[in-house]
Amino acid sequence: MQKVVAIIPAAGSGKRMGEQVNKQFLEVGGETVLGRTLKAFEEAELINEIIVAAREDEIEQVNALADKLGLQKIRCVVSGGRERQDSIVEALKHTDEADGWILVHDGARPFVLSRELDQFVLRLKELNDPETNGGYISLITAVPSKDTIKRVSDGRVRETLDRTQLYNVQTPQGFRRDVLIRAYEHAAVSGYMGTDDASLVEHYGGIVEVHQGTYENIKITTPDDIYLGEAIIKKRGAMKCV
Ligand code: CTP
Ligand code: MG
């Protein structure tokens, strides 16, 4: 059975949050951002193991967090790189052929639910099923853009894009491991830097499909997102059956 391994990049420095402490260790609803993210992966039935990329000086802190939460699925916490892409490269070094599938998910995206992760893995496997599609198809989570998006340069509007074709892209993003490795190797030799993992696959000529996500799957980026996160948790709490 080929494993499904989650790579969680958490080696950023959270500059846009502007806090002393790295944003992944800030609390939302009484739990750290990274802790909440890791718990969703721990609880997802179809995720086998987790590799976290952390800053060298925060590896101990991540290990302590994993211990505190009793996480069983952590394979290792690796030292990340300068850019997010470099952190993924470091994490990929700790995977091997038995790992058929890789899911990449930002450590700073804590509101993904374990059942959403399971649904995502099912869809990824279905797309690559040798019996039906037999494809080399990668999958990204995305939501339709709510805003009108214009292309602007030098302060002047150049084009209004057709909103029906525009999506805001999130994580998780899922790949056959062989596809992701080749895409990352190709990016390294061609000096390509992408803003997400799928863009490396696209650059390599691979096929990427979209899995509809939710607007709650926000990335904690600026201080406003902490307030938004609290509201998401409150709403979820209010919806719980008692
Ligand atoms: N990340 C990483 N390695 C890096 C940079 C980012 O693993 N060298 C991770 C972050 O920790 C985060 C995710 O990639 O979980 C998405 O990045 P982003 O939201 O940009 O986080 P930061 O880079 O930490 O924030 P900022 O850009 O504001 O400094
Ligand atoms: Mg960043």
Side-chain angles (χ1 to χ4, degrees), residues 5-28 31-42 44 47 49-66 69 71 74-95 102-113 116-117 120 140-143 168-175 180 183-184 187-188 191-201 213 215-229 232:
V5 174
I7 292 179
I8 311 282
S13 44
K15 283 195 203 84
R16 285 170 287 177
M17 184 60 71
E19 289 279 341
Q20 293 285 341
V21 51
N22 191 344
K23 64 181 181 180
Q24 342 231 26
F25 300 109
L26 295 176
E27 287 196 2
V28 196
E31 175 66 86
T32 60
V33 169
L34 183 59
R36 198 173 275 278
T37 304
L38 293 174
K39 268 163 79 176
F41 280 80
E42 177 79 15
I47 306 287
E49 289 182 60
I50 302 166
I51 302 174
V52 184
R55 272 169 42 178
E56 181 77 44
D57 59 338
E58 290 178 345
I59 290 180
E60 274 315 302
Q61 213 172 331
V62 175
N63 277 324
L65 177 67
L69 297 174
L71 304 181
I74 305 276
R75 176 182 290 178
C76 53
V77 181
V78 303
S79 181
R82 198 183 142 86
E83 303 294 335
R84 183 184 180 282
Q85 193 166 319
D86 305 315
S87 297
I88 306 295
V89 169
E90 290 309 311
L92 279 173
K93 289 179 186 166
H94 297 265
T95 64
I102 306 287
L103 250 63
V104 182
H105 184 80
D106 296 319
R109 222 178 262 281
F111 301 113
V112 71
L113 298 172
E116 291 167 352
L117 293 171
F120 184 89
I140 58 172
T141 306
V143 287
N168 285 51
V169 173
Q170 309 171 339
T171 62
Q173 300 193 351
F175 311 87
L180 190 62
Y184 265 82
Y192 178 78
M193 286 301 277
T195 49
D196 70 346
D197 305 283
S199 58
L200 275 63
V201 172
Y215 290 99
E216 290 185 2
N217 183 23
I218 61 166
K219 181 160 68 66
I220 301 291
T221 308
T222 57
D224 288 355
D225 295 324
I226 297 284
Y227 296 108
L228 208 52
I232 290 168

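Just follow the structure's listing: the first ligand is 1, and inside any ligand the first atom is 1. Computed over heavy atoms, backbone and side chain alike; hydrogens, waters and symmetry mates excluded. Positions are given from 1 along the sequence.
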What residue and atom, counting heavy atoms only, is the protein's closest point to [atom], and at what distance?
atom                    : answer
atom 22 (P) of ligand 1 : G14 N, 3.7 Å
atom 10 (C) of ligand 1 : G12 N, 3.6 Å
atom 12 (C) of ligand 1 : P9 O, 3.8 Å

Return yes if some donor-acceptor pair links the side-chain N/O of [X] with the main-chain N/O of [Y] below 3.5 Å, else return no.
X    : Y    : value
T37  : V33  : yes
Q85  : G194 : yes
T141 : P172 : yes
R109 : Q170 : no

Minimum distance, heavy atoms only, to [atom]: which one of [options] is it?
atom                    : options         : value
atom 21 (O) of ligand 1 : Q24, R84, K23   : K23
atom 16 (C) of ligand 1 : D106, V78, V104 : D106
atom 29 (O) of ligand 1 : K15, M17, R16   : K15

Sub-4.0 Å atoms of ligand 1 with respect to non-hydrogen atoms of [X]:
X    : value
K219 : 16 (C), 18 (P), 19 (O)
R82  : 8 (N)
A108 : 15 (O)
S87  : 2 (C), 3 (N), 4 (C), 7 (O), 8 (N)

Side chain to side chain contact (heavy atoms under 4.5 Å, CB included), that's the test. Do I232 and Y215 meet it? Break it down for me. CA-CA 10 Å; I232 290 168; Y215 290 99; over 6 Å; no
With the threshold set strictly below 4.0 angstrom, can you tell me whether any protein non-hydrogen atom sits that near atom 7 (O) of ligand 1?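 Yes, there is one.
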Given K39, which partner from the list L69, T32, L34 fulfils the side chain to side chain contact (heavy atoms under 4.5 Å, CB included) test?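 That would be L69.
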So among D106, L103, D196, which one has a side chain to side chain contact (heavy atoms under 4.5 Å, CB included) with Q173?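 The side chain to side chain contact (heavy atoms under 4.5 Å, CB included) with Q173 is passed solely by D196 among D106, L103, D196.
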Say whether S79 and E56, considering side chains only, have a donor N or O and an acceptor N or O under 3.5 Å apart.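 Yes, because at least one side-chain N or O of S79 sits under 3.5 Å from a partner of the opposite role on E56.
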Below 4.0 Å, non-hydrogen atoms only: which portion of E83 touches ligand 1? Side chain, backbone, both or neither. backbone
Is A11 touching ligand 1 with its side chain, its backbone, both, or neither, if touching means heavy atoms under 4.0 Å apart?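 Contact part for A11 vs ligand 1: both backbone and side chain.
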Is G80 in contact with ligand 1, taking contact as a heavy-atom separation below 4.0 Å? no
Is there a nitrogen or oxygen of N22 sitting under 3.5 Å from a nitrogen or oxygen of ligand 1?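 For ligand 1, there is no N or O atom that lies under 3.5 Å from one belonging to N22.
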If you measure from NE2 on H105 to CD1 on I7, what distance do you get to the nearest 0.5 Å? 13.5 Å
For L71 and I50, what are the C-alpha separation, side-chain angles and deciding distance, and is it a side chain to side chain contact (heavy atoms under 4.5 Å, CB included)? CA-CA 10 Å; L71 304 181; I50 302 166; 5.7 Å; no
